[in-house]
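Worth saying up front: this structure is predicted, and the values here are computed from it rather than measured. Values below: all heavy atoms of this structure, side chains included; hydrogens, waters and symmetry mates excluded. In each ligand, atom 1 is the first atom listed, and ligand 1 is the first ligand listed.
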Amino acid sequence: MAEKRVIKFRIWRYDPDSNGKPTYKEYDVPLSSKVTTVLEALDYIKANLDHTLSFRASCRMAICGSDGMIINGKPMLACQARIDDLTKNTNVIEIRPMENYKVIRDVVPDLTPLFEKHKKVKPYLMYKDEKEQFNPTGEFIQSREELDLFNQFTYCIKCGLCYSACPVVAADEEFLGPQALAQAFRYCVDSRDQGLEERLKILDDKHGVWGCHFSGSCSAVCPKGVDPAQGIQLLKQLIIAYRLGVRKVKHEPVVKPLNTEFKPNPKIPLAPPFTAKKA
Ligand code: FES
């Protein structure tokens with residue numbers, strides 16, 4: 001039987017409770033059908049070689065954004081990083097925590113600044129008529145074209161890889177960063193939103209859109225194919241247009257609810273009744 005291929009994992013270890021400096025530790029991991037991604041290798045190490053290893057993960061399918069780390073020098077999600085792809089010319093995989101964050105332990109970063117900045121740009125729909133916002137009498141019609149203006153930015157999973165790759169975040173702690181700015185753009189161009197003026201207070205600033213040097217590294221590492229660098233440049237354009245009095249975004253009025261009464265298709269059988277008994 002062919003011998004299993006063994007990959008050496010060099011992993012950054014840091015224990016905040018000891019006075020020691022961070023250091024790399026090495027683990028040999030045999031590949032198998034159960035160990036094909038970096039996250040699976042980390043699981044293997046924790047279960048079989050060193051239970052003190054700390055890392056964060058949840059969905060295992062590039063949705064929750066928990067397991068961002070630097071893998072062979074590039075910010076990646078461990079669950080999305082395939083060992084085969086990373087070891088074409090080497091048998092070593094090096095893992096360290098994401099840049100631009102404080103490290104809690106081993107490869108677990110403190111994402112608090114990411115979420116704080118995200119919160120600052122008011123990442124929700126704002127409507128000037130508060131009565132309508134909180135007690136809606138109708139709904140908005142949004143065209144396909146209007147949705148396309150921001151749709152790609154809704155795929156952001158807030159993993160923070162873009163912050164880790166951004167040279168401006170590295171140099172300016174106050175810079176809002178690619179994730180928050182791209183999300184600000186997403187809401188500012190939504191035809192249901194009227195929050196641009198409110199958001200300008202924070203966006204139109206040297207630590208806001210004007211801090212971006214357009215290095216593009218945020219877009220290069222996004223695991224969901226979002227292009228935050230593009231969002232930021234479009235946001236700059238939106239802000240300049242606003243200053244010149246040009247209204248780029250057309251706001252649609254609220255309309256009466258559509259007639260969406262559910263009429264079952266007789267050709268499609270209805271779902272069977274719920275059979276599980278309550279405990
Ligand atoms: Fe959820 Fe990787 S574990 S994104």
Side-chain angles (χ1 to χ4, degrees), residues 7-14 24-25 27 29-88 92-119 123 150-166 169 177-183 186 217-229 231:
I7 301 295
K8 192 169 286 301
F9 280 79
R10 290 191 75 225
I11 304 180
W12 175 278
R13 301 299 311 269
Y14 167 64
Y24 280 101
K25 230 174 147 182
Y27 305 92
V29 178
L31 297 190
S32 70
S33 58
K34 290 191 180 138
V35 181
T36 61
T37 65
V38 168
L39 179 57
E40 287 164 352
L42 293 174
D43 285 337
Y44 177 91
I45 294 167
K46 192 165 176 80
N48 300 288
L49 306 176
D50 186 347
H51 67 273
T52 67
L53 177 65
S54 296
F55 54 94
R56 195 161 43 206
S58 180
C59 71
R60 317 181 69 81
M61 53 176 81
I63 291 175
C64 72
S66 305
D67 57 346
M69 49 193 81
I70 309 280
I71 302 171
N72 282 359
K74 191 177 166 195
M76 298 172 92
L77 297 176
C79 62
Q80 215 182 24
R82 291 179 48 82
I83 295 173
D84 272 356
D85 296 339
L86 294 161
T87 55
K88 291 217 161 83
V92 181
I93 292 181
E94 189 178 283
I95 302 176
R96 55 189 165 87
M98 285 198 287
E99 309 282 356
N100 303 338
Y101 298 96
K102 284 198 181 109
V103 178
I104 298 173
R105 181 182 289 268
D106 296 339
V107 289
V108 181
D110 179 1
L111 297 179
T112 308
L114 176 83
F115 295 126
E116 287 299 322
K117 288 172 183 176
H118 180 69
K119 206 165 114 190
F150 64 85
N151 199 21
Q152 68 139 310
F153 300 100
T154 64
Y155 300 141
C156 169
I157 56 171
K158 292 138 198 94
C159 60
L161 292 183
C162 56
Y163 270 69
S164 177
C166 175
V169 174
Q179 190 276 337
L181 290 170
Q183 290 308 297
R186 174 255 173 277
S217 45
C218 50
S219 303
V221 301
C222 177
K224 304 305 284 186
V226 178
D227 189 352

Donor-acceptor contact below 3.5 Å, side chain [X] vs main chain [Y]:
{"X": "Gln152", "Y": "Asp227", "answer": "yes"}
{"X": "Asp50", "Y": "Lys46", "answer": "no"}
{"X": "Arg96", "Y": "Asn72", "answer": "no"}
{"X": "Glu116", "Y": "Thr112", "answer": "no"}

Protein N, O or S atoms less than 2.8 Å from atom 1 (Fe) of ligand 1, ignoring waters?
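For atom 1 (Fe) of ligand 1, the protein N, O and S atoms that sit under 2.8 Å away are Cys59 SG, Cys64 SG.
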Atom CD1 in Ile11, atom CE in Met69: separation rounded to 0.5 Å?
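That separation rounds to 8.5 Å.
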What pairs meet the salt bridge (charged side-chain N to carboxylate O under 4.0 Å, His left out) rule with one or both residues in residues 58-75, with sequence neighbours excluded?
Asp43-Arg60
